[in-house]
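To start, the structure itself, in structure tokens.
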Amino acid sequence: MPLNLAGGGALSALLCVTVSLFLSLVGAEDPYRFFNWNVTYGDIYPLGVRQQGILINGQFPGPDIHSVTNDNLIINVFNSLDEPFLLSWNGVQNRRNSFEDGVYGTTCPIPPGKNFTYILQVKDQIGSFYYFPSLAFHKAAGGFGGIRILSRPRIPVPFPDPAGDYTVLIGDWYKANHTDLKAILDRGKKLPFPDGILINGRGSGGASFNVEQGKTYRLRISNVGLENSLNFRIQNHKLVLVEVEGTHTLQTTYSSLDVHPGQSYSVLVTADQPAQDYYVVVSSRFTSQILTTTAILRYSNSAGQVSGPPPGGPTIQIDWSLNQARSIRTNLTASGPRPNPQGSYHYGLINTTKTIRLQSSAGQVDGKQRYAVNSVSFIPADTPLKLADYFKIGGVFRVGSISDNPTGGGIYLDTSVLGLDYRAFVEIVFENPEDIVQSWHLSGYSFWVVGMDGGQWTTASRDQYNLRDAVARCTTQVYPKSWTAIYVALDNVGMWNVRSEFWARQYLGQQFYMRVYTTSTSLRDEYPIPKNALVCGRAAGRRTRPL
């Protein structure tokens, strides 16, 4: 239902301008969907105490986005908070259009009381993703929701249509307000251990999923939490993995599944057990204190409620998780967003043009906790980097301000940008010398996870790479004192965020931007700045393009 916002005439005019831009850029043949979202504060009680939540159209979590490959999504976001706000689209590649990525390096914040209309196209994508608020520490208050991109009707999907399709947003959670958590980080301190885990915004026993006996259902599971890897399982039921962040996988059966921060998985669950209620269990991984929460899988003809303790799962076992991760592989014969098989792109036969090694670190700078990549702890500039690049505003950032190899030096602060060439094919190795499991996300891309193992990465580590059917995804874990290697085809021009999904680490500097650059000004390589783009910082007052 459209929102009754003040200044509706201006909003309508803006939407007309927006739609005309979108039609001129992407052509009228692809469908488009309109969303009007009002972002507000509201009281929520997920762990039994009142908190200030961030709601979208009064909902916590926010509404799902349902779309089909190549759809154009026109999302008008009205910021009714008392502080600037942005939404980002985890896994949506925003091809040729990093202006819409919704992180501070690409997009000006929406001022309080104002609106901004995102223009996204889910070009050549399928799968399960989510959106989230990217500024401040808003993610700890909500404002997130599921994104599903269905295959076009004529594209075969490697499993029958499920009887139902559920979004399952899991994540660790604090009872404290996001403002209090942010204040702890701003003082240079570490956050305490989370208080619990939520499933679709509810505490233990609060969420339920209804099924009919004998039917099969799709669950789209995303870890939207702040730091902890989580294990997902359903009492007496098997999980058949079918899709990971836009890639159809070999249909491997698991009893439980590790979902690291920022990751998304689709599983099929068949209601093939005696008709009653069953526990859906989510518990923390690799933590000395194990957090556990439950939801209910409810058969329509259920003869009884859940009974006994919820089934246990893996706790601190690294090898178990590593072996499961290695077993997740691409279905080479299945179609992706296009009819041709996913295996028709032979990534393993392409010579890499560059190797980038990225090492995490933690430490103190001026007595305050900071986190870094290759010794650089990111600090935001006063102007979004993409706008500074587009308008050629000097002094905002410097390409090459982060090394493409670990320096071994102490942590220092900078606005770190790594320059890379359009159409390069690169190897990136994430190195984790620390004692925690880490999770890394690359905006704008899907990459092949070709290898992961314990110890120090060397060139000899390539001998164990999977160069045939590695899974392609946008978020990967790196185990303690271990490495993970990915291959990326840099086919998407723009300014793209590389970040830790451990949210306090991201906030305190464990991120940077990858500038994928070409001298070409062709629309085939990159779209121009959106006509309705907000301008801020040193770009304030600049014209985008004539309306």
Can Asp258 and Arg285 be counted as an ion pair, charged N to O under 4.0 angstrom? yes

Quick check: do Leu387 and Ile393 have side-chain heavy atoms less than 4.5 Å from each other? no

Among Tyr513, Phe512, Tyr371, which residue satisfies the ring-ring contact (aromatic ring centres under 6.0 Å, His included) criterion with Phe378? Tyr513

Side chains of Ser360 and Gln438 only: does a donor on one sit below 3.5 Å from an acceptor on the other? yes

Verify the neighbour count for atom CZ of Arg542: are there more than 12 heavy atoms of other residues, nucleotides or ligands below 6.0 Å? yes

Does this structure show an ion pair linking Lys481 with Asp435, if we count only N-O contacts that are shorter than 4.0 Å? yes

If the plane angle is over 60° it's perpendicular, under 30° parallel, otherwise tilted; pick one for Phe132 and Tyr130. tilted

Do the side chains of Asp421 and Leu490 get nearer than 4.5 Å, heavy atoms only? no

Tightest non-hydrogen contact, residues Cys474 and Tyr445, listed as CB-O, 3.4 Å

Side chains of Tyr104 and Asn497, donor plus acceptor under 3.5 Å: no

Would you say Leu534 and Thr107 make side-chain contact, with heavy atoms under 4.5 Å? no

Specify the closest pair of heavy atoms between Val516 and Val493, including all atoms of both residues, with the distance to one decimal. O-CG1, 3.4 Å

Leu47 vs Tyr174, test: side-chain contact (heavy atoms from CB on, under 4.5 Å). Steps then yes/no. CA-CA 8 Å; Leu47 294 179; Tyr174 289 90; over 6 Å; no

So, for Ile328 and Val471, which heavy atoms are closest and what is the spacing to 0.1 Å? O-CB, 3.8 Å

Answer yes or no: is there an ion pair linking Arg148 with Glu243, defined by an N-O contact shorter than 4.0 Å? no

Supply the atom-to-atom distance Lys368 NZ to Lys189 NZ, rounded to the nearest 0.5 angstrom. 9.5 Å

How many angstroms lie between OH in Tyr479 and CG in Asp453, if you round to the nearest 0.5 Å? 11.5 Å

Sub-4.5 Å side-chain heavy-atom contact between Ser321 and His260: yes

Please work out which of the three classes, parallel, tilted or perpendicular, describes the rings of Tyr487 and Tyr347, given edges at 30° and 60°. perpendicular

Closest non-hydrogen atom pair between Gln369 and Gly363, with its separation: NE2-O, 3.4 Å

Heavy-atom pair of closest approach, residues Thr475 and Ser439: CG2-OG, 3.5 Å

Is it true that Lys123 and Glu100 have a side-chain N and a carboxylate O under 4.0 angstrom from each other? no

Taking Ser377 for the side chain and Leu413 for the main chain, is one N or O donor matched with an acceptor at less than 3.5 Å? no

Are the side chains of Asn223 and Pro261 in touch, meaning some heavy atoms are under 4.5 Å apart? yes

Sole residue of Arg398, Arg538, Arg515 in salt bridge (Lys or Arg N to Asp or Glu O under 4.0 Å) with Asp389: Arg515

For the rings on Trp440 and Phe447, is their centre-to-centre separation under 6.0 Å? no

Using a distance-only test with no angle check, is there a side-chain donor-acceptor pair under 3.5 angstrom linking Thr352 and Arg462? no

With a 4.5 Å heavy-atom cut-off, do Pro112 and Leu81 have their side chains touching? no

side-chain contact (heavy atoms from CB on, under 4.5 Å) between His441 and Gln506: does it pass, once the steps are laid out? CA-CA 11 Å; His441 176 82; Gln506 174 272 153; over 6 Å; no

Pairing donors with acceptors under 3.5 angstrom, does anything connect the side chains of Ser500 and Arg505? no

What pair of heavy atoms forms the shortest contact from Asn79 to Ile110, and how long is it? ND2-O, 2.9 Å

Verify, without hydrogens or angle tests, whether Ser266 (side chain) and Arg220 (backbone) share a donor-acceptor contact under 3.5 angstrom. no

Evaluate Asn374 against Ser403 for side-chain hydrogen bond (donor to acceptor under 3.5 Å, both in side chains), listing each step before the verdict. CA-CA 7 Å; Asn374 288 357; Ser403 170; 4.9 Å; no

Which pairs count as ring pair (Phe, Tyr, Trp, His ring centres under 6.0 Å) when at least one residue sits in residues 379-414, sequence neighbours excluded? Phe99-Tyr390

Under 3.5 Å, is there a donor-acceptor pair between the side chain of Ser284 and the main chain of Ile290? no

Mark yes when over 12 heavy atoms from residues, nucleotides or ligands other than Ile316 sit less than 6.0 Å from its CD1; otherwise mark no. no

Classify the side-chain pair Thr252/Arg329 by whether it contains a donor and acceptor separated by less than 3.5 Å. no

CD of Gln359 to OG of Ser375: how many Å apart, nearest 0.5 Å? 7.5 Å

From Ser264, Ser446, Ser128, Ser222, residue fulfilling side-chain contact (heavy atoms from CB on, under 4.5 Å) relative to Glu245: Ser264

Taking the six-membered ring for Trp and the single ring otherwise, decide whether the centroids of Tyr345 and Trp448 are under 6.0 Å apart. yes

Within the 4.5 Å heavy-atom criterion, are Gln263 and Gln477 side-chain neighbours or not? yes

Just by distance, no angles: are the side chains of Tyr254 and Ser327 close enough, under 3.5 Å, to form a donor-acceptor pair? yes

Is the backbone of Asn177 close enough, under 3.5 Å, to the side chain of Gln51 for a donor and an acceptor to pair up by distance? no

Could you give the distance from CG (Leu322) to CD (Gln317), rounded to the nearest 0.5 Å? 13.0 Å

Pairing donors with acceptors under 3.5 angstrom, does anything connect the side chains of Asp64 and Thr167? yes

Could you check if a side-chain atom of Val450 sits within less than 4.5 angstrom of a side-chain atom of Glu427, using non-hydrogen atoms only? no

Given 3.5 Å as the limit, does a donor-acceptor pair link the side chain of Gln125 with the main chain of Gln93, or not? yes

Count the heavy atoms belonging to other residues, nucleotides or ligands that lie under 6.0 Å from CZ of Arg326, then report whether that count exceeds 12. yes

I'd like to know whether Ile75 forms a side-chain contact (heavy atoms from CB on, under 4.5 Å) with Ile65, so could you lay out the CA-CA distance, the side-chain angles of the two residues, the decisive distance to 0.1 Å, and finally the verdict. CA-CA 10 Å; Ile75 306 170; Ile65 293 177; 3.8 Å; yes

One pair to check against side-chain hydrogen bond (donor to acceptor under 3.5 Å, both in side chains): Asp101 and Ser443. What are the steps and the verdict? CA-CA 8 Å; Asp101 197 39; Ser443 290; 3.3 Å; yes

Distance (rounded to the nearest 0.5 Å) between Ser416 OG and Gln510 CD: 11.0 Å

With side-chain contact (heavy atoms from CB on, under 4.5 Å) as the criterion, how do Trp37 and Leu87 come out once you've worked through the C-alpha distance, each side chain's angles and the decisive distance to 0.1 Å? CA-CA 11 Å; Trp37 286 357; Leu87 286 173; 3.7 Å; yes

Counting the benzene-type ring for Trp, do Phe60 and Trp173 have ring centres under 6.0 Å apart? yes

More than 12 non-hydrogen atoms from neighbouring residues, nucleotides or ligands closer than 6.0 Å to CG on Asp463, yes or no? yes

What distance separates Asp404 CG from Ile356 CD1, expressed to the nearest 0.5 Å? 6.0 Å

